[in-house]
Each structure stands twice: as structure tokens, then as C-alpha cells.
Amino acid sequence: MSILYTTGRESGAGHESRTAAVESTPDHATAIAHPNIALVKYWGKRDDSLILPVTDSLSMTVDIFPTVTTVSIDPQVRADTVVFGEEPAPEHIRARITRFLDLIREFAGASGHAVVHTRNSVPTGAGLASSASGFAALALAAATVYGLRPDRATLSRLARRGSGSACRSVHGGFALWHAGAGWGADGDHSSYAEQLYTSEFDPAMVITVVDDRAKRISSRDAMHRTLSTSPLYLAWANTCAADIAGIRAALGCGDLDAIGRIAEHNALGMHATMLAARPPIRYLSPKSVAVLDRILHLREQGLCVYATVDAGPNVVALCHESDAVAVAAELGAAGEHIRTFIARPGPGAALVSGGGA
Ligand code: DP6
């Protein structure tokens, strides 16, 4: 199959149009992507359907808990099929993935239903960004089988349409998601993530799982409720630009203390906005607070360690790689049945097979 496609104006890459020739399209493709943990959070959309955020956000893609997704086009099937591990995906997830595949088919001018096999190694729904690695891997595998060859900015924009934070998992290391400007096509074209280059340093994250059950309220619903009811939301959103500037400067000189200080402040501020929503949203559990206390205690003892928490009870500690084992031991002892995982900066989304990986 040979297709020409045009992605239209791409303000991120500074092109008015981009056309790629696709020599041949495989009938299946497998992609791998890793979760990312935001240091300046994405919390709040200015457009729900295009998934355009209110603020810029900044994250580190990790090297553990990958999602591996294979997409095959099957002319025999009459609807998209989605398999999670060995089980058919629940209907609401299948419907969300079908909506995403419809979008890719529309961009590609292609048809044909797909069979999607996806394997998550992160506890799904526990506030550990499984949707980020999931939609980054799906975007790459699906774009490939439907004949698109997107550049990184375009792939990031596509992944964003599945789940906002997925646009950052397209990149390895540290990534900045530009909120972009405007609405409709202007907003869409200007809202994508780019990779940030950093000076040599040794960041690690200790992912502390206090509870791996699916959360009661999804981050999508929670951010919507926060935006529409929390009087603290705008105050927090107004701090994000300075937080991004501070972390970018600190990444440039490898100042982990400054990065951690800003990240912790930004995350606790985000949780404060939710506590002030109506009805309130509280993701932090007593165990999360016990872990946060331990982090504070370690810091008082002179360790460079700071916390961030996504939309869930699990706490992520940012520290130097050389301290990670000691930090993990200390945080694992904060309560019963707490598991810790050490992560380092990981790679961006990649094809494992299909499309000349
Ligand atoms: C708290 O990307 O899961 O992890 O765009 O609605 O799918 P949707 O939301 P999602 O939100 C993630 C929110 C967060 C913060 C972050 O990753 O920046």
C-alpha cells in the first residue's frame, strides 16, 4: 500500500505543512511506551473534546512499567476488538479505544477494524499513568498500521487525543507539554510535547505503591469537577508557568533540590485544588500521608528527596539515583503492604515490530 498524507499546519515544528510518503504499510505493528510522572502537573482542560490543557506541564518518562500494544487490521472483524492481557477489555475501555482508532482512521483516510492486544505492567487505574503509556503505545502502533508516519510532534498530538498525559510519553527523559494557544485547529496544532535536554545528572524516582486498586473517581472526572467548582483552581494554575520556568532552569544545571522543591509544591497545590472542589476529591490516604511524612523526615536528615503525587494515593519520591535504594527501604517501611519500585529516566515510545522499527 502506498499513501501520501498531509498533517496540515504544524506550528510546533514550524512547518505550514508536512507530507510523508509511506512506502508500505504492515498489517500489524507493535509499539512499546513507558509511563511518565509529571513534575509540573496537567490538571484541567480548556477543551474537553480536543484534550487541550489549561497549563503547560513537564514530566519524566520512566524506565519501568511499560505498555506493549499490538494493532492488527483484520478485514474479517466487524468491530474493533480490544484484549487486555488475556482478557477482553471492559466495554467502556473498548469504546474509548474505538473512538481513538476512528480518529486515526480519519487522519489516514483508511478503513478496516482492528484487533488491539495490550499488556500493561503498571497496576491499571492506580494513578500511575497507565493511560499515558497505553495511549502513547497505541498511537504509534495504530498510526503505523493505518499508514501514517507521523513525526514526533504529530505523534504527540495524536497520543494527546487518547489521554492528555500520553503526549509526554512519546518522548524519553524529560518532556514539556505546551498547552498551545487558541481553540479548534489552532489549539490542536499548537498543543504537543517536546523533549527537553538536560545537563548530566542522576535523577531517580521511587514509586511507592500504597494501594493498587482502581481509584474511585477517574482523573478525567476529577479534573473536570475541580475546574468547574474549586475556588482554588485558578490560583494553582497561575503558578504553573513559573514552576515550569524554574524546573527548566534547574534541569539545565542538574539542580535536583530545586526541581524537587518546585515539583512537591506543584503536586500538593494540585491536591489542594481538589480538596476544595464540590463535592471534595481526596486521593491521599493515611498511608500516602505516612509516606509524605517519611520523605520530610529523610529531608530533615539531609537527603535530597521530594514528593510528587498524581491522581491517586501512591507517592513518587524524586531523589538521586545513588540514594534510591535507601529511600525505597525507608518508604517501604512507612506502613504495611507498601511496595516500592525504583525508576530512572526511560525511553520514548518506539516500534518493536512493523513499519521498519
Ligand atoms: C494527575 O492524562 O489521565 O496524572 O487527559 O483526561 O485522559 P485525560 O487525563 P490524564 O490525566 C493525568 C493527570 C495527572 C497529572 C499529569 O500526568 O500531568
Side-chain angles (χ1 to χ4, degrees), residues 33-62 65 67 92-93 95-97 99-100 103 120 122-139 156-171 174-180 187-188 191-193 205 207 214-215 217-228 230 233 236-237 240 243-244 247 262-264 266-275 277 281-284 288 307-316:
H34 291 76
N36 69 77
I37 305 290
L39 299 170
V40 177
K41 304 293 185 191
Y42 146 54
W43 197 247
K45 299 177 180 67
R46 66 181 196 277
D47 181 318
D48 286 332
S49 88
L50 287 173
I51 311 200
L52 299 175
V54 175
T55 59
D56 293 355
S57 57
L58 190 156
S59 62
M60 184 180 108
T61 298
V62 296
F65 297 150
T67 299
H92 69 283
I93 293 185
R96 185 167 168 188
I97 288 178
R99 280 197 299 278
F100 184 72
L103 189 79
N120 267 331
V122 56
T124 304
L128 285 174
S130 56
S131 66
S133 52
F135 276 100
L138 179 65
S156 174
R157 283 172 38 218
L158 287 175
R160 189 198 82 226
R161 301 288 295 272
S163 186
S165 53
C167 75
R168 298 182 311 234
S169 276
V170 160
H171 298 289
F174 292 85
L176 170 64
W177 176 8
H178 300 280
D188 177 34
S191 187
Y192 61 93
M205 286 179 167
I207 298 177
K215 52 205 179 197
I217 174 166
S218 70
S219 43
R220 187 161 287 192
D221 292 345
M223 73 173 77
H224 191 267
R225 189 192 300 169
T226 306
L227 195 69
S228 49
S230 174
Y233 179 75
W236 173 81
C240 288
D243 287 351
I244 299 258
I247 291 194
I262 297 169
E264 188 171 292
N266 186 272
L268 295 179
M270 177 186 79
H271 283 269
T273 67
M274 292 185 232
L275 288 169
I281 301 155
R282 184 174 57 81
Y283 283 119
L284 299 175
S288 325
T308 184
V309 193
D310 276 348
N314 302 312
V315 177
V316 176

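In each ligand, atom 1 is the first atom listed, and ligand 1 is the first ligand listed. We count residues from 1, following the sequence as given.
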Ser219 contact mode with ligand 1 (heavy-atom cut-off under 4.0 Å):
side chain
Taking a cutoff of less than 4.0 Å between a non-hydrogen atom of the residue and any ligand atom, is Ser57 in contact with ligand 1?
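In this structure, Ser57 fails to qualify as a contact of ligand 1 - no heavy atom is under 4.0 Å.
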Taking only non-hydrogen atoms of Met274, do any sit less than 4.0 angstrom from ligand 1?
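Flag not set, Met274 not near ligand 1.
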For [X], the ligand 1 atoms whose distance to one of its heavy atoms is below 4.0 Å:
{"X": "Arg96", "value": "7 (O)"}
{"X": "Lys45", "value": "5 (O), 6 (O), 8 (P)"}
{"X": "Ala311", "value": "1 (C)"}
{"X": "Ile51", "value": "5 (O)"}

Ring centre gap for His34 and Phe65 strictly below 6.0 Å:
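No, the ring centres sit 6.0 Å or more apart.
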Out of Met270, His224, Arg220, whose heavy atom sits nearest atom 8 (P) of ligand 1?
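Closest candidate by heavy-atom distance is Arg220.
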Are any of the N or O atoms of [X] closer than 3.5 Å to those of ligand 1?
{"X": "Ser163", "answer": "yes"}
{"X": "Gly162", "answer": "no"}
{"X": "Ser165", "answer": "yes"}

Does a side-chain N-to-carboxylate-O contact under 4.0 Å join Asp310 and Lys41?
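A salt bridge is present here (some side-chain N lies under 4.0 Å from a carboxylate O).
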Trp177 backbone acceptor or donor facing Arg168 side chain under 3.5 Å
no
4.5 Å side-chain heavy-atom contact, Pro53 and Arg46
yes
